[in-house]
Amino acid sequence: MIKLQHFVTDLHVHIGRTRLGAAVKITAAPSLTLPTIIKYAADIKGINMIGIIDCHVPEVLNELESMIGNGEAYQLTEGGVRFSGITLLLGTELEIYDENCNGPIHVLCYLPSIDSMRVFGEWLAHRMKNRHLSSQRIYEHAQAIQAKVRRLNGLFIPAHVFTPFKSLYGKGVKKSLTEVFNPDLIDGIELGLSSDTAMAEQLEELGRYPFLSNSDAHSLEKMAREYQIVQMKQPSFMEFKWALQEREGRKIVANYGLNPLLGKYHQTICAICSKKVDGESCTNCQINKVIKGVSERIKELASRKTKKIQRPPYIHQVPLEFLPKVGKQTLRKLRDHFGTDMNIIHSVPYEELQKVVSMQVVNGIRMARTGTLPIEAGGGGKYGKIDIKNY
């Protein structure tokens, strides 16, 4: 009998700078370096397996090899790089925009080893303008990229699939993923911050794929704002691949993510005056330039005709930094007393919390756990927020 355990996995984290200070993800915080990501993810956030999606960059691979050479990490035979308390999966985020796309689409590709990522990186280098930066456009057919990833025994996952910009359903396709991708070469679907399982499962063509909820972190604090609990023998590339395939008891146990109302693109917003829009034009400024919300786009795409499949529960959570009265000092106090954010958000008894922070903070955590926090919906690129007036 294989002994399986539960592991917290967040598989979409960016690198801001290399060890030499070179920018990788321009919009990411400079504090997002390999060493700080590993330490913060393991010690503060409570993550067991993390996906770094800028590993095609040669400097990143060189830094990983240096850390392995120094004895800080080692490569697992089942894929991934093992540090103390956490496994790193090597990934890359690419932008696809071939002649079949209506707009750019971001995808995540994961490879099992440094060698296979170097091979993939060399292949990409002949198809992109700057391999030293993150999320670059690749000048190649989408299905050719899928085929290359599969030949390298990798995983191919469309990213934040409903966001209005640079995503599969946002603008990438009119109606179906088959307009661009080979459906047999997709290993999972990343939902993004403005949607959850209940919303995504309205699309019948997604019924065959596991859903992933990842942070898309551009700063240390944003890590694990979304994640999944995965049941595996150990946190490794191959075990994760088998979990996506639900092989021999391995599986995604639960998805944890923001209430979609907190996402930046949940509702439709006027691009000019930022007012909520119902329909095609803004009644406030009479202009039809809108940023369509994820909720409205999913209604357009809804197509389920057959019975819904059984899926892992999607559990809404609210990151500590979203809660009223939780500033840096309070956050530091909570972490000093109770360890990781995973523990604070989900497990620490209320009576223990009361000994350390105010009742207002305790009540915020209580309402977050029970899904009773009042929320003002986000949209147009602005996060939703807790409704202080009704808090």
Side-chain angles (χ1 to χ4, degrees), residues 7 9-15 18 24-25 34 37-38 49-70 72-83 86-96 106-128 130-159 181-182 184-188 190 210 212 214 230 232-245 247 250:
F7 298 97
T9 65
D10 179 1
L11 302 177
H12 191 152
V13 174
H14 284 284
I15 288 179
T18 67
V24 178
K25 181 70 174 180
L34 263 177
I37 290 170
I38 295 301
M49 185 163 72
I50 195 160
I52 304 295
I53 48 84
D54 300 314
C55 288
H56 68 282
V57 175
E59 292 89 339
V60 173
L61 291 178
N62 292 341
E63 188 170 354
L64 270 175
E65 288 186 327
S66 176
M67 296 171 91
I68 291 170
N70 292 337
E72 299 173 57
Y74 60 93
Q75 288 202 75
L76 296 168
T77 56
E78 292 188 344
V81 179
R82 184 68 182 170
F83 290 81
I86 191 168
T87 297
L88 182 155
L89 290 194
L90 299 100
T92 180
E93 183 172 29
L94 304 173
E95 182 173 300
I96 296 172
H106 279 197
V107 299
L108 306 173
C109 306
Y110 302 94
L111 280 299
S113 67
I114 290 176
D115 285 346
S116 58
M117 182 57 80
R118 281 202 185 277
V119 171
F120 192 50
E122 289 296 329
W123 186 80
L124 294 174
H126 300 289
R127 295 164 172 83
M128 62 172 54
N130 189 346
R131 67 181 296 192
H132 300 281
L133 293 177
S134 173
S135 312
Q136 293 295 286
R137 180 168 296 182
I138 176 168
Y139 297 89
E140 181 59 90
H141 295 286
Q143 295 191 23
I145 302 167
Q146 288 182 279
K148 182 64 175 180
V149 171
R150 183 59 58 93
R151 286 195 297 273
L152 291 170
N153 298 313
L155 298 170
F156 183 92
I157 297 171
F181 295 128
N182 178 344
D184 296 328
L185 298 181
I186 293 175
D187 296 290
E190 185 187 71
L212 299 175
N214 297 315
V230 184
M232 305 177 281
K233 183 179 177 182
Q234 64 174 349
S236 69
F237 176 88
M238 189 56 67
E239 285 286 323
F240 177 66
K241 183 176 182 178
W242 287 343
L244 294 181
Q245 299 168 354
R247 183 183 298 189
R250 298 167 179 86

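These values consider heavy atoms only, across backbone and side chains, with no hydrogens, waters or symmetry-generated copies. None of these values were measured; they are calculated from a predicted model. Positions are given from 1 along the sequence.
In this structure, Phe83 has no ring-ring contact (aromatic ring centres under 6.0 Å, His included) partners at least two apart in sequence or on a different chain. Take Gln136 and apply the side-chain contact (heavy atoms from CB on, under 4.5 Å) test, not counting sequence neighbours, and it matches Met128, Asn130, Leu133. Under the side chain to side chain donor-acceptor pair (under 3.5 Å) criterion, Ser135 pairs with Lys25, Glu93, sequence neighbours left out. Under the rule for a salt bridge (charged side-chain N to carboxylate O under 4.0 Å, His left out), the partners of Arg150 that lie at least two apart in sequence or sit in another chain are Asp187. Judged as a ring-ring contact (aromatic ring centres under 6.0 Å, His included), and not counting sequence neighbours, the contacts of Phe181 are Phe156. Residues passing the salt bridge (charged side-chain N to carboxylate O under 4.0 Å, His left out) test with Arg247, sequence neighbours excluded: none. Scanning for side chain to side chain donor-acceptor pair (under 3.5 Å) contacts around Gln146 gives an empty result, with sequence neighbours left out. In this view, Glu78 and Gln234, Ser236, Met238, Glu239 satisfy the side-chain contact (heavy atoms from CB on, under 4.5 Å) rule, not counting sequence neighbours. Remark: Glu140 engages Arg127 in a side chain to side chain donor-acceptor pair (under 3.5 Å) (not counting sequence neighbours). Taking the ring-ring contact (aromatic ring centres under 6.0 Å, His included) definition, one finds that Trp123 meets it with Phe120, sequence neighbours left out. Partners of Asp184 under the side chain to side chain donor-acceptor pair (under 3.5 Å) rule, at least two apart in sequence or in another chain, are Arg208.
With rounding to the nearest 0.5 angstrom, the CD1 atom of Ile114 is 8.5 Å from the SG atom of Cys55. Annotation: the span from Leu11 atom CG to Glu190 atom CD amounts to 8.5 Å, rounded to 0.5 Å. Interatomic distance, NE2 of His12 versus CD1 of Ile52, reported as 10.5 Å (0.5 Å rounding). Note that CG of Leu155 is 11.5 Å distant from CG of Leu185, once rounded to the nearest 0.5 Å. Atoms SG and CD1, on Cys109 and Ile145 in that order, are 7.0 Å from each other to the nearest 0.5 Å. For the atom pair Phe240 CZ and Arg250 CZ, the distance stands at 13.5 Å (nearest 0.5 Å).
Counting only residues at least two apart or on different chains, the side chain to side chain donor-acceptor pair (under 3.5 Å) pairs with a member in residues 52-63 are His14-Asp54, Asp54-Ser134, His56-Thr92, Glu59-His132, Asn62-Arg118.
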Take Met67 and Leu34 through the test side chain to side chain contact (heavy atoms under 4.5 Å, CB included) and record every step on the way to the result. CA-CA 10 Å; Met67 296 171 91; Leu34 263 177; 4.2 Å; yes
Would Val230 and Met49 count as a side chain to side chain contact (heavy atoms under 4.5 Å, CB included) if you check the C-alpha gap in whole Å, the side-chain angles of each, and the deciding distance to 0.1 Å? CA-CA 10 Å; Val230 184; Met49 185 163 72; 5.7 Å; no
Checking Thr87 against Val81 for the side chain to side chain contact (heavy atoms under 4.5 Å, CB included) test, could you report, in this order, the C-alpha distance in whole Å, the side-chain angles of both residues, the deciding distance, and whether it holds? CA-CA 6 Å; Thr87 297; Val81 179; over 6 Å; no
Would you sort out whether Leu94 and His106 count as a side chain to side chain contact (heavy atoms under 4.5 Å, CB included), showing the intermediate values? CA-CA 6 Å; Leu94 304 173; His106 279 197; over 6 Å; no
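At a threshold of 4.5 Å between non-hydrogen side-chain atoms, the residues Ile96 and Val107 count as touching. The shortest side-chain heavy-atom distance between Ile50 and Thr9 does not fall under the 4.5 Å cut-off. You'll find the side chain of Pro235 reaches within 4.5 Å of the side chain of Arg82, heavy atoms only. Between Ile37 and Leu88 the shortest side-chain heavy-atom distance does not fall below 4.5 Å. In this structure, the side chains of Ile157 and Tyr110 come closer than 4.5 Å at one or more pairs of heavy atoms.
Residues Ser116 and Leu152 come closest through the heavy atom pair O-CD1, 4.1 Å. Closest of all the heavy-atom pairs between Val24 and Ile15 is CB-O, 3.4 Å. In terms of heavy-atom proximity, Pro158 sits nearest to Ile186 at CD-CG2, 3.8 Å. Between Ala243 and Met232 the shortest heavy-atom distance is CB-CG, 4.2 Å. Nearest heavy-atom pair, Gly154 versus Leu111, reported as atom, atom and distance to 0.1 Å: CA-CD1, 4.0 Å.
Between the Gln75 side chain and the Ser113 main chain, no donor and acceptor come within less than 3.5 Å of each other.
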